[in-house]
Amino acid sequence: MSQAPVLYLIVCAAPPAQRIGELVELLMADGWRVCLIATPIAASWLDCDALADQTGYPVRAQWRRPGDPEPHPPADVAAVVPATFNTLNKWATGASDTLVLGILNELLGSGLPIQVFPRVKAVLTAHPAYQPNLERLREAGVVVHDGDVLRTPEEMSPNRWAVVVDALRATRSDT
């Protein structure tokens, strides 16, 4: 019997991150092994111990030391949920000043399927760097979902994570 595919779930500091455990539960029920990687600020918002218990893998937010073992198995698919203005713009320019950006840059170079679900304020989407950087990521093969499907937790519908689960399910069947 083959093992379930591995999803690197990359979490940035935007309001939907506060409910990421709900998404993890749905993804695991859908047959994924979920490994969480968070920006440093997002990690400070999360109950990393509870998420590690839920997934069976530690939540990573910092680089490992040389010689330390890799705590996550290799990914089959990656998703950035929610993706913030800062992370998207830095990633598009090749910055690797956080673990999240370093991993995203390596994954981009590997050709692994990557799905991105932005959560960016409207005033920031008007910034002149934003749209060209999204286009750069799309040209590199990243699927950047249009619109802001991830609203604040209070605004999200009861099936708040359906778009993410459905997109990842389709990606899994394509691999």
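These figures come from a predicted structure and were not determined experimentally.
Checked by atom type and distance alone, the side chain of Gln115 never pairs as donor or acceptor with a backbone atom of Val164 at under 3.5 Å. Between the side chain of Arg119 and the backbone N or O of Pro15 there is no donor-acceptor pair closer than 3.5 Å. Proximity of a side-chain donor or acceptor of Asn105 to a complementary backbone N or O of Ala95 within less than 3.5 Å is detected. Counting only distance, with no hydrogens or angles, the side chain of Asp76 and the backbone of Pro5 share no donor-acceptor pair below 3.5 Å. A donor-acceptor contact shorter than 3.5 Å links the side chain of Thr171 to the backbone of Ala167. Counting only distance, with no hydrogens or angles, the side chain of Thr87 and the backbone of Thr84 share no donor-acceptor pair below 3.5 Å.
Heavy-atom neighbours of Leu124 CG from other residues, nucleotides or ligands within 6.0 Å: above the threshold of 12.
Judged purely by distance below 3.5 Å, without hydrogens or angles, the side chains of Gln18 and Trp45 never pair a donor atom with an acceptor atom.
No side-chain heavy atom of Val81 sits less than 4.5 Å from a side-chain heavy atom of Val11.
Taking the six-membered ring where the residue is Trp, His145 and Phe117 present parallel rings, their angle staying beneath 30° rather than reaching 60°.
Each of Val100, Ile114, Ile10, Asn86 was checked for a side-chain contact (heavy atoms from CB on, under 4.5 Å) with Trp91, and the lone residue meeting it is Ile114.
Salt bridge status for Arg136 with Glu139: absent, with no side-chain N to carboxylate O gap under 4.0 Å. A salt bridge between Arg19 and Glu25 is absent, with no side-chain N of the basic residue lying under 4.0 Å from a carboxylate O of the acidic one.
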